[in-house]
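Take a look at the structure below.
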Amino acid sequence: QLQACGGGLVQAGGSLRLSCALSGRTFSRYSMGWFRQAPGKEREFVSSISSSGSNTDYEDSVKGRFTISRDSAKNTVYLQMSSLKPEDTAVYYCAAKFDPLSSAYILRTRWDEYNYWGQGTLVTVSS
C-alpha cells in the first residue's frame, strides 16, 4: 500500500527526491512521515507532514536541507533532499498514519504512531 522510490547513489552536496505513493486509502486522511535507518543504528525520524498538508516537521540535522511535501492528486508524498552528506546514508522509509478530521493538523514524529510502512529505499551519499 506504500511504495517508496527515488533512492540511489549520489555525491556529497548532491540532491535526490524520494517519492512514496499511498494506494487503496484516502490519502488526505493520512499523516505522512519519513524515517531512516543507517547500518548499525536505530531507525530515526526525518520529517513529517500533517494530513492537512499545512504543517511540517524536520529532524534538526536535516532542517534547511530537506523538504517534505504532498500531492493529493497523485496520492504521493515527497522528500526533496539537498546538500546531502555522507551521514545521510541510510535506508529511507515512508510511513502513513490515519487521522480523524480533528487531528488534521497534528504532526507525528514517533515511528510507533504510524500504521503503514513502505519497503524502504536506499540512499548512499559518497564523500
Side-chain contact, heavy-atom cut-off 4.5 Å: [X] with [Y]?
X: L79; Y: M81; value: yes
X: V125; Y: V123; value: yes
X: Q3; Y: C5; value: no
X: M32; Y: L2; value: yes

Applying a strict under-4.5 Å side-chain criterion to I, L, V, M, F, W and Y, I'd like to know whether [X] and [Y] cluster together.
X: L22; Y: W34; answer: yes
X: I68; Y: Y78; answer: no
X: L18; Y: Y114; answer: no
X: I49; Y: F45; answer: no

Between [X] and [Y], what is the shortest heavy-atom contact and its length?
X: P86; Y: A12; value: CD-CB, 4.1 Å
X: S83; Y: D88; value: O-OD2, 4.5 Å
X: D71; Y: F27; value: O-CE2, 3.8 Å
X: V77; Y: S69; value: CG2-O, 3.1 Å

Test item: [X] side-chain N/O and [Y] main-chain N/O as donor-acceptor pair under 3.5 Å:
X: E59; Y: K63; result: no
X: N55; Y: Y105; result: yes
X: T121; Y: G7; result: yes
X: S47; Y: Y58; result: no
X: T76; Y: K74; result: yes
X: S52; Y: S54; result: yes

Distance (rounded to the nearest 0.5 Å) between [X] [atom1] and [Y] [atom2]:
X: N115; Y: R108; atom1: CG; atom2: CZ; answer: 8.5 Å
X: L122; Y: Q37; atom1: CG; atom2: CD; answer: 12.0 Å
X: L84; Y: L16; atom1: CG; atom2: CG; answer: 5.5 Å
X: Q11; Y: S126; atom1: CD; atom2: OG; answer: 5.0 Å
X: S50; Y: L107; atom1: OG; atom2: CG; answer: 5.5 Å
X: S28; Y: N75; atom1: OG; atom2: CG; answer: 8.5 Å

Intermediate values then yes/no, side-chain hydrogen bond (donor to acceptor under 3.5 Å, both in side chains), R36 and Y92: CA-CA 4 Å; R36 66 186 180 186; Y92 284 71; 2.9 Å; yes
C20 and C94 SG atoms less than 2.5 angstrom apart: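 Yes, disulfide present: SG-SG under 2.5 Å.
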CH2 (W111) with more than 12 external heavy atoms under 6.0 Å: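 Result for CH2/W111: open.
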Distance flag, aromatic centroids of F98 and Y30, threshold under 6.0 Å: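 Ring centroids of Y30 and F98 are less than 6.0 Å from each other.
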Centroid-centroid distance, F35 to W117, less than 6.0 Å: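 They qualify: ring centres under 6.0 Å apart.
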R25/Y116 under side-chain hydrogen bond (donor to acceptor under 3.5 Å, both in side chains): CA gap, chis, key distance, verdict: CA-CA 11 Å; R25 305 284 173 177; Y116 303 101; 3.1 Å; yes
